[in-house]
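Letters go in sequence order (proteins before strands), and every chain restarts at 1.
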Amino acid sequence: MNRLITKLAGFNMKNPVIAASGTFGYGHDYEQYYDPSILGGISSKGLTLNPKPGNKGIRLWETPSGLLNSIGLENPGIRAFAREVYKMSEIDTMVIVNLGGDNLEEYIEGASILNDSPIDMIELNISCPNVKAGGMAFGMQCDSAALITREIKKVTKHPLMVKLSPNAPNVADVGVACAESGADALSLVNTFQGMAIDIKTKKAVFENTYAGLSGPAIKPIALRMVHQTVKAVSIPVVGLGGISSWQDALEFIMAGATAVQIGTGNFPNPNLGKEIVRGLQKYCEKNGIINIDEIRGII
Amino acid sequence: MNRLITKLAGFNMKNPVIAASGTFGYGHDYEQYYDPSILGGISSKGLTLNPKPGNKGIRLWETPSGLLNSIGLENPGIRAFAREVYKMSEIDTMVIVNLGGDNLEEYIEGASILNDSPIDMIELNISCPNVKAGGMAFGMQCDSAALITREIKKVTKHPLMVKLSPNAPNVADVGVACAESGADALSLVNTFQGMAIDIKTKKAVFENTYAGLSGPAIKPIALRMVHQTVKAVSIPVVGLGGISSWQDALEFIMAGATAVQIGTGNFPNPNLGKEIVRGLQKYCEKNGIINIDEIRGII
Amino acid sequence: MAVILENRDLGDSMFLMITDHGVDSAPGQFYMVRGWDKYPLLSRPISIFDSDGKTTKFLYRVVGEGTDLLSKLKPGDEVQLQGPYGNGFPEIKGNRIALVGGGIGTAPLYLAAKEIKRKNPEKELVLYLGFENSSHAQELFEDIEADARFKIGGYITDIIDFKSHDAVLTCGPEAMMKAVFHEAKDICGEIYVSMEKRMACGVGACLGCTCETKAGNRRTCKDGPVFEGSEVFFE
Amino acid sequence: MAVILENRDLGDSMFLMITDHGVDSAPGQFYMVRGWDKYPLLSRPISIFDSDGKTTKFLYRVVGEGTDLLSKLKPGDEVQLQGPYGNGFPEIKGNRIALVGGGIGTAPLYLAAKEIKRKNPEKELVLYLGFENSSHAQELFEDIEADARFKIGGYITDIIDFKSHDAVLTCGPEAMMKAVFHEAKDICGEIYVSMEKRMACGVGACLGCTCETKAGNRRTCKDGPVFEGSEVFFE
Ligand SMILES: Cc1cc2nc3c(=O)[nH]c(=O)nc-3n(C[C@H](O)[C@H](O)[C@H](O)COP(=O)(O)OP(=O)(O)OC[C@H]3O[C@@H](n4cnc5c(N)ncnc54)[C@H](O)[C@@H]3O)c2cc1C
Ligand SMILES: Cc1cc2nc3c(=O)[nH]c(=O)nc-3n(C[C@H](O)[C@H](O)[C@H](O)COP(=O)(O)OP(=O)(O)OC[C@H]3O[C@@H](n4cnc5c(N)ncnc54)[C@H](O)[C@@H]3O)c2cc1C
Ligand SMILES: Cc1cc2nc3c(=O)[nH]c(=O)nc-3n(C[C@H](O)[C@H](O)[C@H](O)COP(=O)(O)O)c2cc1C
Ligand SMILES: Cc1cc2nc3c(=O)[nH]c(=O)nc-3n(C[C@H](O)[C@H](O)[C@H](O)COP(=O)(O)O)c2cc1C
Ligand code: FES
Ligand code: FES
């Protein structure tokens, strides 16, 4: 018996474990480790209307239990993606497109193009700290987050999940604004803006000076933000940030997350997705939990 | 030759290395490891007008490369401290009192009492996430931070450093508000609000649900915030958050910090203060740096 | 840095670590032990099982990440010992002393018993040691000149006749110590308990290990870990 | 989990790790190596020095935290090998092949040379290996049936006459590979370079290791690490 079936914005997921955007390519890169269709969902690398080469210079920098990245939304553009969307859609799971953009028009056009694609959900990325225009800017304030949510809702026929930035003045408030503007779900957190300095060269490590921090280091803060946001909204909240084990995933679910995403955790442990699905299932079996819903939001 | 002499708000420090509040008691606890007077400064445990017993339940929880704490400003009260202040003042270093409070009146009265104490600086703690009243509340918004800074400046005869919260919507903006209201220096960061859940008991680990995250995990975010604040104000900024080596300290100094504080890093390595002072001095010697000023804010 | 001479698996997740650390220490004191570089962040408080001026020994149980790492160290590996910290057990006036330990809380009682016997061979000691399962850990206690009584499973208090004692030293789960205190308090003149709290600094600087006592908050690491039983508010 | 059979200190911070990992792999491929549990976070990309179906060997230099931890592992210890990843060197058409390595970049050239000789014993190989200091690492290359020429310090290109070669494989510091490419490009028909970028996933999922090429961005871990020299924009 599958005790992990989870409903998210109308979709029946096999389980609440989603591969996070930017850490799982377009779904196939970890196939040598496990069949990606065992996951509850997969969020694509962030896609923008026009192709983006991403950032120059160093893109990755390890920190204590964390990772700074400055990929800069490298992607082939939505049209190129849409032409090959079957490659991702053939995976039997909830297929999510993570949508980025430089400005409102680009987001809208991107969302419109995706109307013809056999995908299950759009994750609106208004929280990428690594691009100059757009990106995080929309996610920092309630009014801009509300505006873009409303506009995308107008054009898209897919369910809309809005991905929030932990760098916002108050992430739960932004969540409320998005919920009021029609978002079907929220996901948080994207990366925390951080910095590293190379003392040998006396320069910032990254060309953009700042980069995005992810991984186990941020988990306690991400968990707090998810807990606060769950209390503030009535739409489903998908929690992520530093999840590296089924126990971590369970903490987010107990804090009220409808589902979780795993990002950086895939890198040290390419079997993580599989292990979390199994671990949660076994936990439910051992504890006589018929459906994971029973402990969701218990705190 | 001491290459580390550092001026902070009129005080000539031996070096830019300060023991952080709440991690070094009242200066004497690490004496079996080294003479605390080799440090540039020591900030006391947070003191409030009235004695505080601190929080009940679990107070410490380890996280990946981080530490969640919920001490809740346990302290004997400013009057009791003032009676024994000579114990801390006899250490030949910059003696800083970290001042907390439940409300404005308490802060003001506390600062007034300290006027008679032979201390070198007050560090105004408007950023403690672990007390219900006061604490972080003043540090979250520019106007309240400005108000309390102004009021304390009116009554205190000591230089005033304001300790900022990384949980504020925009820490650099709060820094600007404090600078404009008369702060002589800023210190940041205090702990990040975080959370942990005990999946066995299905409860939040801490009685206050949330607690404060410190340690190496937060360093990349703290460094970014220090860099942003340095660019925003013209008063000195003291940087802290996760410093565990002289190289970490140097990153903060290169980012523009006038001095650094070491907190959680003392716990795993009780010699850390000594090692950072020595490491920075050697670095200057090797690189022909006459005074560490030469590389301060190089980024 | 101390060097590990032996790290013996005693069964039931318990290990005896023998190091070449030759610093003298008092029974009831502990070290913040660190068998790794940066991760996990904090050092782990572990009581001194034995210390003879040439070696320091620890009896520990694997319960999580840190103790698991400790258990994987091999002879020749290095381990950092920060300490000795804490007050340790005081001089006991009584002559018929019960040392009551539960599980891994038995660890500090070995040196405590040994030292009492060394200083006052005439005193009568009984060790009451409760374990959940039997293991080789029991054998460690057999070479003390004391009557060592073991209880596997159940309540240790079931095998203690407090009337035959005038002093009690106890260490173990808080619920056990609380029960020992309550049964002994009207009978034995001296009751000392060794408290266990999460610790970060071990030197009294962080106030993370505060123990509520009748004399106000005390730091378990510095003012303790040994307190008079009557002083402590058990949880 | 692979078990370490030997972890030999070769001097000058270099080590040869021999594991019992018996998976076949192609020259130029690499593993994400992990000799620890959770810390440091990322695994480390290390080229395959040799692989014979029974063992897999790595030649590595200690430069930071991860490689330092690797160097401390002992025979019998376990190490996680994620891979083999990457494309590896392609079949070479030329008959007079130069294999040019700088420092630890020499590592993948051993298996490359061995495999070429195994498949095409008639081909002429010259290994040009530059090291900053001499060490026992040099000796490792002496058992290949190839002319191995060493340069200690200075520029490796000083000892290469590209006219006597029609193909070049190179791995080492980017500046060296760039110089090799520029000196060889009008002379040798095939030039392959093995690029080095920071990596997180190793499988092509994170785009952290992007290498700019004339055909657009390529993932060093999945599309590389070996690229045609003429394709790469050197930094
Ligand atoms: C004064 C004192 C003496 C002790 N003596 C011994 C001894 O001789 N032998 C022995 O086996 N154990 C002893 N303990 C308990 C020992 O410190 C813990 O079992 C150990 O810290 C667990 O670490 P871990 O990494 O394996 O567990 P984890 O659960 O992974 O540890 C996570 C964090 O919680 C702390 N923690 C977890 N459990 C405890 C606990 N029970 N007490 C204090 N901190 C805890 C850890 O130190 C660490 O900071 C003593 C504790 C104290 C306070
Ligand atoms: C495809 C490939 C093959 C390699 N083959 C070998 C080999 O056979 N032998 C060998 O000794 N080294 C090899 N390297 C380099 C090796 O990966 C680094 O030296 C190693 O990652 C450094 O880790 P550290 O923890 O010791 O250093 P740290 O500086 O502490 O590492 C910090 C972070 O930076 C990364 N990093 C640091 N230097 C490099 C680098 N030069 N290249 C890539 N990432 C780096 C680390 O992986 C880690 O994520 C190879 C690199 C690549 C990309
Ligand atoms: C290398 C890398 C690339 C990422 N790219 C994207 C992206 O394209 N779009 C997005 O919304 N988030 C992106 N993220 C953020 C992750 O999806 C996730 O929100 C964040 O890393 C926190 O989760 P984690 O700690 O589990 O990684 C990226 C993260 C990493 C590490
Ligand atoms: C146990 C503990 C107690 C603390 N108590 C105080 C305090 O009383 N007042 C204060 O301003 N900051 C307090 N802090 C915050 C530290 O001074 C510091 O700002 C924070 O921990 C970040 O620095 P670090 O990562 O170097 O520890 C405390 C931190 C810890 C870990
Ligand atoms: S552990 Fe820090 S005061 Fe006791
Ligand atoms: S390391 Fe992740 S794509 Fe190459």
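- For the atom pair CG of A:Asn269 and CZ of D:Arg34, the computed distance is 8.0 Å after rounding to the nearest 0.5 Å.
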Test log, rule salt bridge (Lys or Arg N to Asp or Glu O under 4.0 Å), inputs D:Arg198 and A:Glu62: CA-CA 9 Å; D:Arg198 275 153 209 275; A:Glu62 195 186 51; over 6 Å; no
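- For the atom pair NZ of A:Lys52 and CG of D:Asn217, the computed distance is 13.0 Å after rounding to the nearest 0.5 Å.
- Within residues 32-45 of chain A, the residues having any heavy atom closer than 4.5 Å to a heavy atom of chain D are A:Gln32, A:Tyr33, A:Lys45, listed by residue number.
- Heavy-atom neighbours of chain A within the stretch residues 59-74 of chain D, taken at a separation under 4.5 angstrom, are nonexistent.
- Between A:Leu60 atom CG and D:Leu42 atom CG the span is 7.5 Å, to the nearest 0.5 Å.
- Residues of residues 70-100 of chain A that come within less than 4.5 angstrom of chain D, heavy atom to heavy atom, are A:Ile71, A:Glu74 in numerical order.
- Summarising the geometry of D:Gln82 relative to A:Pro270, their closest heavy-atom pair is NE2-CD, 3.6 Å, with the distance given to 0.1 Å.
- No side-chain heavy atom of D:Leu41 sits under 4.5 Å from any side-chain heavy atom of A:Ser65.
- Nearest heavy-atom pair, A:Phe267 versus D:Cys201, reported as atom, atom and distance to 0.1 Å: CD2-CB, 3.6 Å.
- Residues that satisfy the side-chain contact (heavy atoms from CB on, under 4.5 Å) test with D:Pro108, not counting sequence neighbours, are D:Ser47, D:Phe89, D:Cys171.
- Note: D:Ala205 leads D:Ala200, D:Pro40, D:Cys206, D:Ala205 in heavy-atom pairs under 4.5 Å with chain A.
- The part of D:Met199 that comes within reach of chain A is its backbone (N, CA, C, O), which places non-hydrogen atoms under 4.5 angstrom from that chain.
- In this structure, D:Lys222 and A:Asp29 have side chains that are in contact, with non-hydrogen atoms separated by less than 4.5 Å.
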